[in-house]
K.L.:
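Pasting in a structure now, in structure tokens, and then I'll have a few things to ask.
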Amino acid sequence: MAWKIGGNQYATLSMLFASSLLLLSAVKAIDSDLEWDDFEDVDVEDVQQEDVDEKPTYKSPVIDAKKFHFADHFDDMEASTRRWVLSQAKKDDIADEISKYDGIWNWEPPQRMVWANDLGLVLKSKAKHAAIAAHLHQPFDFKSEKPLVVQYEITIQKGQECGGSYLKLLSAGKETEQLQTFNDKTPYTIMFGPDKCGKDVTIHFIFKHVNPINGTITEKHCNKPNNSFEEPFKDKLPHLYQLVVRPDNSFEIRIDHKIIKEGSLLTDFKPPVNPPAEIDDPNDHKPDSWDEREKIPDPTVHKPEDWDENETLKLPDADMIFDPTATKPEDWDDEIDGEWQAPMVDNPVCKKDQTCGIIRNPNYKGKWIAPMIDNPNYQGKWAPRKIANPDFFEDLKPFQMTPISAVGLELWSMSSDILFDNLIITDDVEVARDFAANSFDIKRRYIDRERDSIVNKVVELVKDYPSIWAIGLVAIVALVALTKCCRFGTTKIQESAAAESKKTDDPQPHEPRPWGSRMSRAKKWKLTIPPRRAYSCPLPPKKKLDDNEWKFKAAKKQKHTQTKESNTEE
């Protein structure tokens with residue numbers, strides 16, 4: 001069967017080709033904008049040169065202790081289990097039955113296994129408090145004037161509705177020497193990582209600032225990013241989280257090498273590092289005579305006397321009725337005693353219905369309000385006077401925080417099997433880049449290549465760029481319009497040809513009549529036989545006659561002619 005749309009397959013094919021070019025150009029235009037930021041950690045040439053036909057091999061990243069303050073890829077289970085210490089502490093402010101840190105941790109490959117030798121630290125339990133920590137190879141001192149780089153992978157293998165997967169960089173001191181006592185009260189310098197509960201999704205970056213005057217410690221919370229980043233909690237894929245804090249007080253937060261938040265320790269945190277130089281005087285109070293009203297009711301205008309503000313009316317004697325059980329006394333004389341009336345009693349209906357006898361006031365005009373005029377005594381909005389802040393200080397180097405001696409995971413989650421992998425702390429962004437290139441980047445390229453089917457590409461493209469729907473819709477509408485146009489034009493040509501055929505008696509080519517259609521439009525009271533060319537089926541061919549049949553037919557015709565002529569003469 002030949003493929004045909006609208007009677008004009010060439011035009012249709014052309015439109016399909018044009019629509020494909022339109023969509024392809026849109027995809028290329030969007031793809032040209034998909035950059036890896038200005039992040040130098042991604043080697044595009046390596047991505048392009050990756051062999052797409054074979055599964056890449058995986059080797060545990062090499063850890064040079066001189067380049068890291070901490071590093072663990074968790075592939076060497078024996079060494080990693082010795083490094084990490086399970087907490088034996090209890091929480092102080094909750095019931096005993098749920099106060100223990102009894103969450104279960106294990107070293108195992110991910111559920112979506114890529115390489116059997118690629119292990120991670122997995123939080124197996126849910127709805128339990130879990131805590132585990134490890135000492136740094138060498139403490140990180142912020143006075144070294146080198147950046148702090150924290151980087152690790154998280155795979156939320158069963159999705160996340162409520163819970164966190166952040167880590168804490170524990171402050172150096174006596175309270176962090178024994179990690180068996182690690183709990184929610186253990187001092188930390190920085191907390192970093194994702195957290196979600198319901199629709200509240202955030203990436204924590206909290207640092208504890210020490211007041212240089214009195215030594216008090218306060219938490220400074222980074223402002224939330226503007227963009228949404230819920231996918232890592234849903235797609236069940238590994239994601240790379242990185243925090244970079246530099247000596248010039250700048251910071252960057254990245255997910256999968258893309259910056260989602262950047263700024264300054266001085267300006268992008270609440271409460272701010274430095275308090276205001278002036279504060280409101282707590283001893284200054286607003287005078288009783290201070291008038292803050294910009295407008296007042298016009299004192300010269302009064303409510304009209306006939307203005308009715310009562311929305312409802314109560315009928316008189318609605319609560320009392322004549323006693324229906326009372327009877328006129330026999331000795332009652334109307335002429336002497338007057339007309340007899342039954343005594344009044346409480347209306348039993350009104351005891352049940354508090355609105356008994358209440359009706360809407362037909363003269364109700366609403367609440368009367370005097371027109372407003374400018375207040376001649378307006379003194380403006382009152383504000384207390386400013387005084388110098390006695391607690392003011394100016395710390396221009398909040399980067400110089402308390403040194404870090406350990407890293408810990410102190411979590412509670414409603415999801416199990418949260419996998420942590422390739423956790424490093426270093427002072428070199430290039431080292432972090434190389435570590436990710438030999439671990440996370442290889443893993444994600446392989447996983448993404450498996451998911452790189454046409455269907456998934458379209459779904460992801462539409463999800464990231466909703467405007468592609470408009471381009472596809474334009475192409476579809478154009479295709480439908482062209483199909484209708486071609487079909488309408490073909491119908492017009494056929495109708496024109498049929499009209500021309502009716503103007504001549506020349507034989508016409510046979511066109512089959514649709515099954516069940518009428519052969520003619522004959523009226524009910526008169527059968528009209530259509531001309532031969534109107535029949536949908538041709539008449540049977542005439543039979544060829546031999547010589548004897550021809551002679552018989554000619555003689556019969558001659559006899560008929562002679563009879564007709566004789567009748568005419570008579």
Side-chain angles (χ1 to χ4, degrees), residues 58 72-75 80 84 101-116 118-133 150-168 191-206 222 224-225 227-243 253-258 260-261 407-424 435-436 439-451 456 459-460 463-464:
Y58 171 79
D72 196 349
H73 46 57
F74 303 99
D75 298 338
S80 186
W84 289 87
Y101 284 94
D102 54 355
I104 300 173
W105 300 88
N106 194 27
W107 281 253
E108 60 185 44
Q111 295 177 353
R112 184 174 183 170
M113 185 184 299
V114 179
W115 300 281
D118 182 17
L119 306 182
L121 176 61
V122 180
L123 176 58
K124 301 294 295 181
S125 53
K126 67 177 182 179
K128 289 180 178 292
H129 297 285
I132 194 169
V150 182
Q151 180 176 286
Y152 69 114
E153 294 178 32
I154 305 173
T155 306
I156 303 178
Q157 302 183 98
K158 294 186 178 180
Q160 181 71 279
E161 286 300 324
C162 189
S165 46
Y166 44 81
L167 54 82
K168 293 181 178 180
M191 188 174 88
F192 168 67
D195 193 6
K196 178 180 186 292
C197 197
K199 295 183 179 180
D200 186 13
V201 181
T202 187
I203 299 292
H204 290 300
F205 174 24
I206 305 171
C222 181
K224 287 187 176 182
N227 299 328
S228 176
F229 44 90
E230 295 188 10
E231 283 304 311
F233 297 95
K234 299 178 180 179
D235 58 16
K236 304 177 183 179
L237 298 176
H239 291 278
L240 184 70
Y241 293 82
Q242 185 191 68
L243 170 66
I253 299 175
R254 298 175 182 264
I255 300 179
D256 300 340
H257 300 299
K258 297 180 181 179
I260 65 165
K261 182 67 178 179
V407 58
L409 297 166
E410 190 264 319
L411 305 172
W412 183 92
S413 174
M414 288 303 295
S415 299
S416 61
D417 295 293
I418 300 176
L419 184 143
F420 299 85
D421 201 1
N422 297 316
L423 195 161
I424 63 171
F435 198 91
S439 54
F440 172 79
D441 294 348
I442 298 175
K443 184 190 308 179
R444 276 306 300 261
R445 283 203 299 272
Y446 177 74
I447 294 175
D448 293 342
R449 191 172 65 217
E450 284 186 328
R451 300 169 65 242
N456 285 326
V459 171
E460 294 297 329
K463 186 184 298 182
D464 295 336

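Note that the structure is a prediction, hence the values are computed from the model and not measured.
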K.L.:
Side-chain contact, heavy-atom cut-off 4.5 Å: Trp412 with Met414?
P.N.:
yes
K.L.:
List the atom of Ser165, the atom of Ile418, and the distance in Å for their closest heavy-atom pair.
P.N.:
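Ser165 and Ile418 have their closest heavy atoms at CB-CG2, 4.2 Å.
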K.L.:
Less than 4.5 Å apart, any side-chain heavy atom of Arg444 and any of Leu237?
P.N.:
yes
K.L.:
Flag the pair Leu423 / Leu167 as yes when at least one side-chain heavy-atom distance between them is below 4.5 Å, and no otherwise.
P.N.:
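Side-chain contact under 4.5 Å: yes.
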K.L.:
Just how far is it from atom CG of Asn227 to atom CD1 of Ile260, taken to the nearest 0.5 Å?
P.N.:
8.5 Å
K.L.:
Can you tell me how far apart CZ (Phe229) and NZ (Lys261) are? Round to the nearest 0.5 Å.
P.N.:
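One finds 10.5 Å between CZ of Phe229 and NZ of Lys261.
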K.L.:
How about Gln157 and Arg112: do any of their side-chain heavy atoms sit closer than 4.5 Å?
P.N.:
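A side-chain contact under 4.5 Å is absent here.
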K.L.:
Taking the six-membered ring for Trp, are Phe420 and Trp105 parallel (under 30°), tilted (30 to 60°) or perpendicular (over 60°)?
P.N.:
tilted
K.L.:
Heavy-atom distance under 4.5 Å between the side chains of Ile447 and Pro238, does that happen here?
P.N.:
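Yes, their side chains come closer than 4.5 Å.
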K.L.:
Verify side-chain contact (heavy atoms from CB on, under 4.5 Å) between Ile154 and His239, making sure each step is shown before the conclusion.
P.N.:
CA-CA 6 Å; Ile154 305 173; His239 291 278; 5.8 Å; no
K.L.:
Measure the CD1-SG distance between Ile206 and Cys222 for me, rounded to the nearest 0.5 Å.
P.N.:
9.5 Å
K.L.:
Would you give the length of the straight line joining atom CD of Gln111 to atom NZ of Lys158, rounded to the nearest 0.5 angstrom?
P.N.:
5.5 Å
K.L.:
Which atom names give the shortest non-hydrogen contact between Gln242 and Gln151, and what distance separates them?
P.N.:
NE2-OE1, 2.8 Å
K.L.:
Please determine whether a side-chain nitrogen of the Lys or Arg among Glu153 and Lys443 lies less than 4.0 Å from a carboxylate oxygen of the Asp or Glu.
P.N.:
yes
K.L.:
Is the shortest heavy-atom distance from the side chain of Ser416 to the side chain of Ser125 under 4.5 Å?
P.N.:
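Result no, sub-4.5 Å side-chain heavy-atom pair not found.
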K.L.:
Considering only heavy atoms from C-beta outward, does the side chain of Leu240 approach that of Tyr152 to under 4.5 Å?
P.N.:
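No, too far: nothing below the 4.5 Å cut-off.
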K.L.:
If you measure only the distance, is there a donor-acceptor pair under 3.5 Å linking the side chains of Gln160 and Ser413?
P.N.:
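Yes - a donor-acceptor pair under 3.5 Å links their side chains.
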K.L.:
Could you walk me through whether Ile255 and Ile203 satisfy the side-chain contact (heavy atoms from CB on, under 4.5 Å) test, starting with their C-alpha distance in whole Å, then the side-chain angles of each, then the deciding distance to 0.1 Å, before giving a yes or no?
P.N.:
CA-CA 10 Å; Ile255 300 179; Ile203 299 292; 4.1 Å; yes
K.L.:
Aromatic rings Tyr446 and Trp115: how do their planes relate, parallel, tilted or perpendicular, breaks at 30° and 60°?
P.N.:
tilted
K.L.:
In terms of the angle between their ring planes, are His129 and Tyr101 parallel, tilted or perpendicular, with boundaries placed at 30° and 60°?
P.N.:
perpendicular
K.L.:
Under a 3.5 Å cutoff, is there a donor and acceptor pairing between the side chains of Asp72 and Ser80?
P.N.:
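Side-chain D/A pair, Asp72 to Ser80: present.
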K.L.:
How close do Leu119 and Asp421 get, heavy atom to heavy atom, and via which atoms?
P.N.:
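Residues Leu119 and Asp421, closest heavy atoms: O-OD1, 3.2 Å.
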K.L.:
To check you understand the geometry: which heavy-atom pair defines the closest contact between Val407 and Trp84, and what is its length?
P.N.:
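Closest approach of Val407 to Trp84: O-CZ3, 3.9 Å.
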K.L.:
For Asp256 and Tyr241: C-alpha separation, side-chain torsions, deciding distance, then whether side-chain contact (heavy atoms from CB on, under 4.5 Å) applies.
P.N.:
CA-CA 7 Å; Asp256 300 340; Tyr241 293 82; over 6 Å; no
K.L.:
Which value, rounded to the nearest 0.5 Å, describes the distance between Asp195 atom CG and Tyr166 atom OH?
P.N.:
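It is 5.5 Å, given to the nearest 0.5 Å.
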K.L.:
Phe440 versus Phe435: any side-chain heavy-atom pair under 4.5 Å?
P.N.:
no
K.L.:
Looking at CD1 of Ile424 and CG of Asn422, how far apart are the two atoms once the value is rounded to the nearest 0.5 Å?
P.N.:
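Result: 8.0 Å between the selected atoms.
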K.L.:
What closest approach, in Å, do Leu123 and Ala130 show between heavy atoms, and which atom pair accounts for it?
P.N.:
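The answer is CD1-CB, 3.5 Å.
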K.L.:
If the test is side chain to side chain donor-acceptor pair (under 3.5 Å), which one of Lys126, Lys236, Lys124 qualifies with Asp417?
P.N.:
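Result: among Lys126, Lys236, Lys124, Lys124 is the only option passing the side chain to side chain donor-acceptor pair (under 3.5 Å) with Asp417.
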K.L.:
Let me see the working for Asp441 and His257 under side-chain contact (heavy atoms from CB on, under 4.5 Å), right down to the final yes or no.
P.N.:
CA-CA 10 Å; Asp441 294 348; His257 300 299; 2.9 Å; yes
